[in-house]
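Quick notes on the structure that follows.
Each ligand, and each atom within it, is numbered from 1 in the order the structure gives. All heavy atoms count here, side chains included; hydrogens, waters and symmetry mates do not.
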Amino acid sequence: LLYTAPFSKSLGGEGCSLLPHGHFWIASQRVVALGRVGPAAVEVKEGLINAIAVGDYRSFVLRRPLVDYGDAVIMPGLIDVHAHLDEPGRAEWEGFSTGTRAAAAGGITTLVDMPLNSFPSTVSEETLKLKVDAARDKLYVDVGFWGGLVPENALNPSKLESLLNAGVLGLKSFMCPSGINDFPMTNSSHIEEGLVTLAKYKRPLLIHAERIPDVSSDEELDGELDPRSYATYLKSRTPAWEESAVRDLKRAMKDTEVGGRSEGAHLHIVHLSDSKTTLDLLKDAKHSGAKVTIETCPHYLAFSAEEVPDGDTRFKCSPPIRDAANKENLWEALLDGHIDMLSSDHSPSTPDLKLMEEGNFMKAWGGISSLQFVLPVTWSHGKKYGITLNQLASWWSEKPAELAGQKNKGSILPGYHADIVVWKPEAQFHLDDTHAVYHKHRNISAYLGKELSGKVLSTFVRGNLVFAEGRHAGAACGATILAK
Ligand SMILES: NC(=O)N[C@H]1NC(=O)NC1=O
Ligand SMILES: [Zn+2]
Ligand SMILES: [Zn+2]
C-alpha cells in the first residue's frame with residue numbers, strides 16, 4: 001500500500017519558502033536523528049532529506065548554502081493526527097489558513113483533520129471533496145483527512161469503500177453524542193462492521209471512547225449543583241464513561257487479533273483521560289494481541305482538575321481533565337510506552353459558544369484550543385519527568401506518521417520529506433498579550449497567560465521554510481494528503 005503526498009506547487013514555487021534555495025544544508029549541535037541526539041548536518045534537496053552527516057560534518061558541507069542553528073534542536077516536524085479545522089461550514093470557528101499558520105508557528109508540519117465540526121461532516125466521497133476544495137491554496141503545512149464512521153455508512157461497505165477510495169487516511173467515530181448534529185454516534189456493531197472494511201484497506205479506526213454508562217452513578221447530579229463549578233462538570237462525565245466505552249469495544253478489539261475477523265484493521269483510542277481502569281483494560285487488550293494504540297493530549301498532561309478555576313470554560317473538554325493523581329499516572333503510562341502518542345485535539349469554537357462570561361461548564365462548548373503551543377507545553381511539563389528529545393520525536397512524529405500511514409514522514413532520514421522543526425528548548429516565554437497567536441480566536445486558549453519553555457525558531461515543510469523568526473512564507477504551499 002502506498003501513500004503519497006501530491007506535491008502541490010511544491011518547490012521553488014513563488015513565495016513558498018523564506019529561503020531562496022532548493023538545495024541546502026542545515027546543521028546544529030543537537031540533531032534528533034537515527035535514534036540519537038548530537039552534532040550533525042542535514043542535506044535538503046528538492047524537498048527531501050538527501051543525506052545526514054553525523055559528527056564533524058564540515059568536510060561534507062561543500063559549497064552548498066549551510067544554515068547553522070548552533071545549539072538549537074533540529075527535530076522531525078510534529079504530526080498532529082487530531083485537529084478540528086472546521087472548514088467548510090464553520091470557518092468562523094477555525095479554518096485551513098489560520099489553523100495551518102498556527103501549526104507552522106508551533107513546529108507542526110502535518111495535520112490530520114477530523115471529520116466533524118466542519119459542515120457537512122466528512123462522511124462520504126462528496127463531502128471529502130468539499131474539504132479538499134476548501135483547503136486549496138490555504139495550507140501552510142501538509143494536511144490529511146480522517147473520514148467519519150457514522151450509522152449511515154457503517155453497515156454499508158460500498159459507501160465506506162467509496163469514502164476510503166476517495167483518500168481518507170482512516171475513519172473516526174464517536175460512542176457518545178458528538179455535539180454536532182450531522183455526526184451521530186455509533187454503537188459497537190457499527191464499529192465491528194466498519195472494522196471489517198477497514199481491514200481490507202489497512203487503515204485505522206479512531207474512536208472517541210466515551211459512552212453513557214448503563215447504570216448511572218450520578219445521583220448526586222439530581223441536587224442543585226453550581227454549573228460554574230468545575231466539580232459539577234467532572235461529576236457529570238466520570239471515568240465510568242471511558243470505561244464503559246472500552247468494555248463495549250471488547251469484541252471489536254478481539255477481532256483485530258491475528259486470525260480475527262478484522263485482522264489488519266487497527267483501533268486507535270483518541271484523547272485518553274482516565275489513566276486507571278480504562279487504561280488497564282486497554283493494556284490487557286494490547287497484551288492479548290489486539291491491534292490497539294492510544295493517544296493522549298497535552299491538556300491532560302499539563303492541567304489537573306484542582307487548578308481549573310470556577311467558571312473558566314477555556315478548560316472544558318471531553319473527556320474532562322481529571323485530578324492530579326490521574327495526570328501523574330498518564331505521564332507514567334506515556335513514559336512506559338502504554339500510551340503510544342500525543343495529539344492536540346485542537347477543537348476551538350467561536351468565543352460566544354465558550355460562554356466565558358456566564359462560565360457555565362454544563363452548557364459551554366467543549367474543546368481545548370492549543371494547536372500552536374503543543375510542543376512547548378509537552379516539553380515544559382515533561383521536563384520534570386525527564387523526557388528526552390527522542391521521546392518527543394517518537395510521540396509527536398514517528399508514531400503519528402505510522403498511524404496516518406505516512407511512510408515518508410515522521411523521521412529525519414534520507415529519502416524522507418524534509419519536514420523539520422528547529423527550536424530552542426531552553427528559551428522561556430510568557431504567553432501574554434503581545435505574543436503572536438495564529439489561532440482564529442486567541443482568547444479561548446487555556447494556555448494564555450502561562451509561562452512556557454521551548455521556542456520554535458524555524459519550520460520546514462518538504463524543504464520549504466514556511467515559518468522563521470515570527471514570519472510565515474508569503475504563499476501557502478502545503479499539500480493535501482490523500483491515501484491511494
Ligand atoms: N466535536 C468535538 O470537537 N469534540 C471534541 N471536543 C472535546 O473536548 N472533545 C472532543 O471530542
Ligand atoms: Zn473526541
Ligand atoms: Zn476531537
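Not close to ligand 1: Lys316, with no non-hydrogen atom less than 4.0 angstrom away. Contact between Phe174 and ligand 1 is present, with at least one heavy atom of the residue lying under 4.0 Å from the ligand. Ligand 1 lies nowhere less than 4.0 angstrom from a heavy atom belonging to Gly179.
Neither the backbone nor the side chain of Met114 comes within contact range of ligand 1; no heavy atom lies under 4.0 Å. Residue Asn117 touches ligand 1 through its side chain alone, judged by heavy-atom distances below 4.0 Å. Residue contacts with ligand 1 for Ile368 are absent, since no atom lies close enough (heavy atoms, distance under 4.0 Å). Of all the heavy atoms of Ser178, the ones lying under 4.0 Å from any atom of ligand 1 belong exclusively to the backbone. With a heavy-atom cut-off of 4.0 Å, Trp365 touches ligand 1 through its side chain alone.
Ion pairing of Arg247 with Glu243 is present here, as a side-chain N (NZ or NE/NH1/NH2) and a carboxylate O approach within less than 4.0 Å. Under 4.0 Å is where a charged nitrogen must lie from a carboxylate oxygen, and between Arg314 and Asp312 at least one such pair does. Using a 4.0 Å cut-off between charged side-chain N and carboxylate O, Asp133 and Lys129 make a salt bridge. No salt bridge links Lys250 with Glu192; every basic N to acidic carboxylate O contact stays at or beyond 4.0 Å. Between Lys440 and Asp86 there is no salt bridge, since none of the side-chain N atoms of the basic residue sits less than 4.0 Å from a carboxylate O of the acidic one. The pair Asp340-Lys286 meets the salt-bridge criterion, since a charged nitrogen lies less than 4.0 angstrom from a carboxylate oxygen. Of the charged side-chain nitrogens involved, at least one lies within less than 4.0 Å of a carboxylate oxygen, so that Lys254 and Glu257 count as a salt-bridged pair. In this structure, Lys399 does not pair ionically with Glu295, as no charged nitrogen and carboxylate oxygen lie closer than 4.0 Å.
Contact annotation: the side chain of Gln391 approaches that of Leu335 to within less than 4.5 Å [non-hydrogen atoms, C-beta and beyond].
At the Zn ion (ligand 2), the angle from NE2 in His271 to ND1 in His208 is 90° when rounded to 10°.
The contact set between ligand 1 and His271, taken as ligand atoms under 4.0 Å from a residue heavy atom, comprises 11 (O). Interface of Asp345 with ligand 1, defined as ligand atoms under 4.0 Å from a residue heavy atom, comprises 7 (C), 9 (N), 10 (C). Those atoms of ligand 1 that come under 4.0 Å of a heavy atom in Cys317, given as number and element, are 8 (O). In summary, the atoms of ligand 1 found under 4.0 Å from a heavy atom of Leu116, numbered by their order in the structure, are 1 (N).
Note on His84: counted as a metal contact of the Zn ion (ligand 3), an N/O/S atom lying under 2.8 Å.
Side chain of His439 to main chain of Gln372: a donor-acceptor pair is present (N/O by atom type, distance under 3.5 Å, no hydrogens or angles).
Taking the Zn ion (ligand 3) as reference, the nearest N/O/S atom within Asp345 carries the name OD1.
Between Phe361 and Tyr233, the two ring planes are parallel [angle under 30°; tilted spans 30° to 60°].
Looking at atom 6 (N) of ligand 1, its nearest protein heavy atom turns out to be Gly366 O, 2.9 Å. Regarding atom 5 (C) of ligand 1, its nearest protein heavy-atom neighbour is Ser347 OG, 3.9 Å.
Among Pro320, Ser349, Ser318, the residue whose heavy atom lies nearest to atom 8 (O) of ligand 1 is Ser318.
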